[in-house]
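Reading through the structure tokens given below for one structure.
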2 protein chains.
Amino acid sequence: MPLHEHPAATDAARELIAARGGRVTRTRVAVIQALQRSAHPLSHDELGAALDGAGIAHDRVTLYRALDWLVEQGIAQRIAGGERAWRFEIRRDGDHRHAHFHCERCGQIVCLEDVSAAAPTLPAGFAVARAELVLHGACADCGREGVERKER
Amino acid sequence: MPLHEHPAATDAARELIAARGGRVTRTRVAVIQALQRSAHPLSHDELGAALDGAGIAHDRVTLYRALDWLVEQGIAQRIAGGERAWRFEIRRDGDHRHAHFHCERCGQIVCLEDVSAAAPTLPAGFAVARAELVLHGACADCGREGVERKER
DNA sequence: AGTCTAATGCTACAATGTTGCATCAAAAGC
DNA sequence: GCTTTTGATGCAACATTGTAGCATTAGACT
């Protein structure tokens, strides 16, 4: 059992899962909590590290499948980031259509809560399910003068 | 030598390359032409097929490197599409910051020429180099009633 | 034609996901 | 509480997408 687990947060995660008729498993609970605690979207790798940190055994495939399920259920959402790997974040109430900033120096993805992708006019017949706006550049930390470029 | 090659288009591509001080090679010329001819951004795979069709021998690595060079030189640009693989398109005059539409049924990427990603207000210190706006949904063909869902 | 070196084409590898299948354990029934 | 059922897991093997190192080829220049 993970040390110092917060009961209230755990219960919220468990309910979120049970409400969808899914089985409440260590992996799913831990993934939801990790996503909820994080200020920015997490990659599969970062989530794996979080599970390790929580003392929860898992394997790559299990994590992929847990994430697939969460996305399918609308609990989490997948975003495309700047690199090849997907990143995941919890879907907050409402549509939560915020934009993301990808720092090309440190690789970090930051949520831009108050920036939303405007739905533009489209050719006839096109139906938009969701819009993804990603800004690429240098974040506040990396953009400062004198800051060493981090290897990445 | 490719059959029925259009001399004018070939010359334009050759000049584009030479102007950057690069060597004019079969691969680069063919890649530029394929990108110019295509109405939508092409994946690495699609480009490979195009080269095969033009009777131009190549290998995966060469194609990746040719594309890297074209992007580096500002001749082409990379976009993130809906799937894992990059897609490439020719950079037209000016900044060419148009948006893209990703059809979740047929996987196709369509350029939305007159939709541009609005540069939003950012936290202090953030510098935006480029913005990527991708709309996900169903394209005109796939959205029509009675159209069979294509496997993908 | 000969020289120089950027591009190419291997081979091998790395990163990110996916599939199939036997096993385990969460939820439900007894 | 014990058993059953089946969703979730863990493992092995594979698929896709992209990179690195290095010997060889072929543009460009003389």
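Only heavy atoms go into these numbers, but all of them, side chains included; no hydrogens, no water, no symmetry mates. Numbered from 1 within each chain, the chains take letters A, B, ... in sequence-line order.
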Touch class at under 4.0 angstrom, heavy-atom based, for B:A66 against every strand present: nothing
Expressed in angstrom and rounded to an integer, what is the separation of [X] atom [atom1] from [N] atom [atom2]?
| X | N | atom1 | atom2 | answer |
| --- | --- | --- | --- | --- |
| A:L70 | D:dA8 | CG | P | 11 Å |
| B:W69 | C:dT8 | CH2 | C1' | 15 Å |
| A:I17 | C:dA26 | CD1 | P | 12 Å |
| A:E46 | C:dT16 | CD | P | 11 Å |
| A:L63 | C:dG17 | CG | P | 10 Å |
| B:L67 | C:dT8 | CG | C1' | 14 Å |
| B:Q73 | C:dA6 | CD | C1' | 13 Å |
| A:D59 | C:dG20 | CG | P | 17 Å |

For residues 53-61 of chain B, tabulate all N or O donor-acceptor pairs below 3.5 Å that involve a side-chain atom, not counting sequence neighbours.
from, atom 1, to, atom 2, distance (Å)
B:H58, ND1, B:I56, O, 3.1
B:D59, OD1, B:V61, N, 3.2
B:D59, OD1, B:T62, N, 3.0
B:D59, OD1, B:T62, OG1, 3.1

Quick one: does [X]'s side chain have a donor or acceptor within less than 3.5 Å of a partner on [Y]'s backbone?
| X | Y | answer |
| --- | --- | --- |
| A:S38 | A:P41 | no |
| B:R14 | B:V24 | no |
| A:R87 | A:I79 | no |

Summary of protein contacts for nucleotides 18-28 of chain D, nucleotide by nucleotide, where a base hit scores B, a sugar-phosphate-only hit scores S (4.0 Å, heavy atoms): BBBB----BBS
A:T62 side chain near D:dA8 phosphate (N/O to OP1/OP2, under 4.0 Å): no
Distance test, side-chain N/O of A:T27 to OP1/OP2 of D:dT9, below 4.0 Å: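 True: A:T27 side-chain N/O within range (under 4.0 Å) of D:dT9 OP1/OP2.
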Pairwise side-chain contact, A:Q108 with A:V110, heavy-atom cut-off 4.5 Å (strictly under): yes
Residue from A:R78, A:Q36, A:H40, A:Q77 passing side chain to side chain donor-acceptor pair (under 3.5 Å) with A:E89: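 Considering A:R78, A:Q36, A:H40, A:Q77, a side chain to side chain donor-acceptor pair (under 3.5 Å) with A:E89 is found only for A:Q77.
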I'd like a list of close polar pairs between nucleotides 28-30 of chain C and the protein, N/O only, cut-off under 3.5 Å.
none

Listed partners of A:E15 passing salt bridge (charged side-chain N to carboxylate O under 4.0 Å, His left out), at least two apart: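 Per chain and number, A:E15 pairs via salt bridge (charged side-chain N to carboxylate O under 4.0 Å, His left out) with no residue.
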For B:H44, all residues meeting ring-ring contact (aromatic ring centres under 6.0 Å, His included), sequence neighbours excluded: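 Applying ring-ring contact (aromatic ring centres under 6.0 Å, His included) to B:H44 gives B:Y64.
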Ring-ring centroid check B:H100 B:H102, cutoff 6.0 Å: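 Ring-ring flag for B:H100/B:H102: false, centres at least 6.0 Å apart.
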A:E72 bridged to A:R20 by N-O distance under 4.0 Å: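 Between A:R20 and A:E72 there is no salt bridge, as every charged N stays at least 4.0 Å from the carboxylate O atoms.
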A:W69/A:I17 under side-chain contact (heavy atoms from CB on, under 4.5 Å): CA gap, chis, key distance, verdict: CA-CA 10 Å; A:W69 186 84; A:I17 298 168; 3.8 Å; yes
Relative orientation of the end axes in the helix from C:dA1-D:dT30 to C:dC30-D:dG1, expressed as an angle to the nearest 10° (five pairs per end): 40°
